[in-house]
Undergrad: 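One structure follows; several queries about it will come next.
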Amino acid sequence: MNTTIIAPSVLAADFANLQRDIEMVNNSQADWFHIDVMDGLFVPNISYGMPVIEAIKKHATKPLDVHLMIEKPERYIETFAKIGADIITVHHEATVHLHRTLKQIKDAGCKAGVVLNLSTPVSVLEDILPDCYMVLLMSINPGFGGQKFEEMTYAKVKKLRKMIDEQGLDTLIEIDGGVNHVTGPKLIEAGADVLVAGSYVFNAENPTETIAHMKTFKR
């Protein structure tokens with residue numbers, strides 16, 4: 001990929017002014033909306049559910065990248081597809097029959113991806129990579145925004161990029177957690193394609209300019 005995909009994380013938006021922040025992303029150089037769904041079981045936090053995502057979809061002019069941090073995500077795939085998800089990623093650690101779940105996502109009309117926690121090696125994806133539109137690597141422990149980036153992520157990105165290239169695939173690598181002006185360029189250089197940024201974007205003095213700067217990160 002020549003152009004970095006930027007996916008601002010709505011979890012860091014101002015929920016009292018959500019439409020305003022959605023419009024900001026619409027009018028920026030961002031590519032996707034990153035939507036973190038947490039159930040309080042798989043991760044120690046609860047975010048938002050279907051009504052909020054439906055409301056975002058009404059105003060969003062860019063794809064919704066829905067990251068399911070929930071137990072047994074296969075229970076809700078069709079629902080998330082129906083309310084507007086364009087990409088759905090599920091955690092390798094949260095579903096027993098990953099291949100079946102990825103097929104379920106595709107059958108629902110969405111692009112399918114897998115997420116790996118920090119402690120899960122990329123080698124577990126060797127056989128399933130051809131079924132993945134995207135792999136999301138967590139660069140923090142999932143559940144809360146604003147955490148410090150874990151340096152081990154760079155090596156994981158390089159290993160995953162090598163696996164993808166060796167299989168001749170177009171699978172995208174997405175990174176979520178602690179992405180900023182320091183970590184972002186290094187991640188792209190290591191082989192990442194998609195950067196999720198929450199507080200770095202929404203807490204910036206000028207979020208639109210911050211997104212534009214992130215679009216300049218290139219290999």
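Residues: numbered from 1 along the sequence shown. Below, all heavy atoms of this structure are taken into account, side chains as well, without hydrogens, waters or symmetry copies. Quick caveat: nothing in here was measured; it's all calculated off a predicted structure.
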Undergrad: Please report the closest heavy-atom contact between Met138 and Val115, naming both atoms and the distance.
TA: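 Minimum heavy-atom separation between Met138 and Val115: CG-CG1, 3.8 Å.
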Undergrad: Return the minimal non-hydrogen interatomic distance between Gly113 and Leu102, and the atom names on each side.
TA: O-CD2, 3.7 Å
Undergrad: Would you say the side chain of Met24 lies within less than 4.5 Å of the side chain of Val201, judging by non-hydrogen atoms?
TA: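 The answer is yes, as the side chains (C-beta and beyond) meet within the 4.5 Å cut-off.
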Undergrad: Answer whether the closest heavy-atom distance between the side chains of Glu174 and Trp32 falls below 4.5 Å.
TA: yes
Undergrad: Taking 4.0 angstrom as the limit, do Lys57 and Asp86 come out as a salt bridge?
TA: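 Judged by the 4.0 Å cut-off on N to carboxylate O distance, Lys57 and Asp86 do form a salt bridge.
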Undergrad: To the nearest 0.5 Å, tell me how far Arg219 CZ sits from Thr4 OG1.
TA: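 Rounded to the nearest 0.5 Å, the CZ-OG1 separation comes out at 7.5 Å.
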Undergrad: Carefully, step by step, assess Val157 and Ile175 under the rule side chain to side chain contact (heavy atoms under 4.5 Å, CB included).
TA: CA-CA 9 Å; Val157 172; Ile175 309 298; 3.5 Å; yes
Undergrad: Leu68 and Phe42: side chain to side chain contact (heavy atoms under 4.5 Å, CB included), yes or no, with the steps?
TA: CA-CA 10 Å; Leu68 299 184; Phe42 182 69; over 6 Å; no
Undergrad: I need the minimum non-hydrogen distance between Ala85 and Cys110, along with the two atoms involved.
TA: O-SG, 3.2 Å
Undergrad: Do Leu116 and Val122 have side-chain heavy atoms sitting under 4.5 Å apart?
TA: yes
Undergrad: Counting C-beta onward and ignoring hydrogens, is there a side-chain heavy-atom pair between Thr216 and His213 closer than 4.5 Å?
TA: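 In contact.
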Undergrad: With a 4.5 Å limit on heavy-atom distance, are the side chains of Asn180 and Phe149 in contact?
TA: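 The answer is no, as the side chains (C-beta and beyond) never meet within the 4.5 Å cut-off.
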Undergrad: If you count heavy atoms of other groups shown closer than 6.0 angstrom to NZ of Lys215, is the number above 12?
TA: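 Counting other residues, nucleotides and ligands, NZ of Lys215 exceeds 12 neighbours.
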Undergrad: Please name all residues satisfying salt bridge (Lys or Arg N to Asp or Glu O under 4.0 Å) with Asp39, sequence neighbours left out, ordered by chain then number.
TA: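 None.
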